[in-house]
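Quick notes on the structure that follows.
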Number of protein chains: 2
Amino acid sequence: MTHILVVDDDKQLLRALRIALTARGYEVSLAPDGTSGLLAAQRGPLDLVIVDLGLPDLDGVRVVEALRGWSATPIIVLSARLTEESKIDALDAGADDYVTKPFAIGELLARVRAALRRSVPVEQIPIVRTDAFTVDLTARRVLGADGTEIRLTPTEWHVLEMLVRNPDRLITHRQMLHEVWGPRYETETNYLRVHMANLRRKLEPEPSRPRHLRTDPGLGYRFTP
Amino acid sequence: MTHILVVDDDKQLLRALRIALTARGYEVSLAPDGTSGLLAAQRGPLDLVIVDLGLPDLDGVRVVEALRGWSATPIIVLSARLTEESKIDALDAGADDYVTKPFAIGELLARVRAALRRSVPVEQIPIVRTDAFTVDLTARRVLGADGTEIRLTPTEWHVLEMLVRNPDRLITHRQMLHEVWGPRYETETNYLRVHMANLRRKLEPEPSRPRHLRTDPGLGYRFTP
DNA sequence: CCTGATCTTGATGACTTCTTGACGACGTCC
DNA sequence: GGACGTCGTCAAGAAGTCATCAAGATCAGG
């Protein structure tokens, strides 16, 4: 579910936003000041952050800057300040949007949708991680746990890609042979054995005890992140 | 240079924006109505579009929708309308931001910077450096480690550009042949071998042991900075 | 029309990847 | 407990791909 963090010291507004956002199907976290907001942001991945500029401990601009230090999550800034400078400062610090209080809740929700829509291309990069390796499907690259590149042959990549695109789902011998080698090779399960062995040798910490590239005896193979 | 299209029927505002944006180093195109705005957008690649909602021919929201049909260029909407619905409509149609008239020019500029910053990851990689050579994509130039210019042929440049614009990403033979030579040459992998060899001879310290222009056997080539 | 640069084309050897067959380990079913 | 089938492993030969070179074809500019 889409996860939104709201940082604001106005209890009443916080409650109103929680209700409005939850009603739209967002998962909402709340933080009453900048420090706890940053802590909450570090705890888990967020899809959007809404920050008030007037916080009791930190200036909201500081919060935006801190967040931008390590995260690309979209940020919407709220503020009662009317001066132009504060808007500019916040946007230049890395905020994605700026809403002046008082605002209509419907407008804020529209801006939330716009910000989330924009961030989709960034978020949805197909990268699959396990504790042993990372598969970047767009770059066609596999990195080991230590970040070194692991080189795969064309067939190995094709097999791995098919498994990784269907996490936790069983891929039958037939399906895989059909997709990778073609319709006429659906009985050549030998091929699978050899190439799966090679993949495991390159990717699994203990190739003989595979934890991510698993075998379903008699049926096929399965990737578990 | 960053190219911005402004669509508005208010001549005075148009002039003010042109001056303000040009002064900031942006390249500015102007269009007085929606139709000519869309035409201008189709003519060449844009980095940002600013649209007024109140246009003489089309509603600004229609313009936004039309643009979004084929382009991901960031869009900022201007409007004198105060109703909440119009903002929501515009943002949901695909606009990235919404500014109410009258606005301070400084705020608009900040929002322009914010919108451009967001779109950066897609567009902007003007200069790429490695320890052996530097590629300036805008100037179409390559410099060696000692700063001397390295001359590339048109095809060499086209190939190198495609690789450098996608660092660490695999470019398949097919993709490269399609883009550089055209759809009918997708099987002529010989071409690639010859031109990659030439590029390596010019760019790599040890052409036979390439470190930046790498080959993924059976798949394609890859640039690693 | 000539000249120099650039691109295409073909041939070669080195290398990588794939296929193929054999063998033992494991689990299941009778 | 033994026979059977499936799986993982290994190694060697076959097939394919790549880098490199050089010569012919093509193109642009003078």
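Naming: A, B, ... by sequence-line order, numbering from 1 per chain.
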For atom [atom1] of [X] and atom [atom2] of [N], their distance in whole Å:
{"X": "R209(A)", "N": "dT9(D)", "atom1": "CZ", "atom2": "P", "answer": "11 Å"}
{"X": "D216(A)", "N": "dC7(D)", "atom1": "CG", "atom2": "C1'", "answer": "13 Å"}
{"X": "L219(B)", "N": "dC18(D)", "atom1": "CG", "atom2": "C1'", "answer": "13 Å"}
{"X": "W157(A)", "N": "dT17(D)", "atom1": "CH2", "atom2": "P", "answer": "20 Å"}
{"X": "N198(B)", "N": "dT20(D)", "atom1": "CG", "atom2": "P", "answer": "10 Å"}
{"X": "N190(A)", "N": "dG8(D)", "atom1": "CG", "atom2": "C1'", "answer": "11 Å"}
{"X": "R214(A)", "N": "dT6(D)", "atom1": "CZ", "atom2": "C1'", "answer": "18 Å"}
{"X": "Y185(B)", "N": "dT9(C)", "atom1": "OH", "atom2": "C1'", "answer": "13 Å"}

Please tell me which of the listed nucleotides, dT16(C), dT19(C), dC21(D), lies nearest to the side chain of V194(B)?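 It is dC21(D).
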Between dT20(C), dT17(C), dC21(D), which nucleotide gets closest to the side-chain atoms of T153(A)?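 Closest nucleotide to the T153(A) side chain: dT17(C).
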So which one's nearest nucleotide on DNA chain C is more toward 5', R151(A) or E188(A)? R151(A)
Nearest-nucleotide wise, let me know which of W181(A) and P154(B) is further upstream toward the 5' end of DNA chain C. P154(B)
For Y221(A), report the nucleic acid contact type (base, sugar-phosphate, nothing); a contact means any heavy atom under 4.0 Å. sugar-phosphate
Touch class at under 4.0 angstrom, heavy-atom based, for T189(B) against every strand present: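 If one applies the 4.0 Å heavy-atom cut-off, T189(B) turns out to touch nothing in the nucleic acid.
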Can you tell me if [X] touches the phosphate of [N], counting only side-chain N or O atoms and a distance under 4.0 Å to OP1 or OP2?
{"X": "H195(B)", "N": "dT6(C)", "value": "no"}
{"X": "R193(A)", "N": "dC7(D)", "value": "yes"}
{"X": "H173(A)", "N": "dT6(D)", "value": "no"}
{"X": "S208(B)", "N": "dA19(D)", "value": "no"}

Kindly say whether W157(A) contributes a backbone atom to a donor-acceptor pair with the side chain of R140(A) at under 3.5 angstrom?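 The answer is no, because no donor-acceptor pair under 3.5 Å joins these two groups.
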Aromatic plane relationship, W181(A) with Y191(A) - under 30° parallel, 30 to 60° tilted, over 60° perpendicular: tilted
Quick check: H173(A) with Y221(A) (ring centres under 6.0 Å apart)? yes
Taking the basic N atoms (NZ, or NE/NH1/NH2) and the acidic carboxylate oxygens, is any pair closer than 4.0 Å for D131(B) and R211(B)? yes
Can you check whether H212(A) reaches L203(A) side chain to side chain, under 4.5 Å on heavy atoms? no
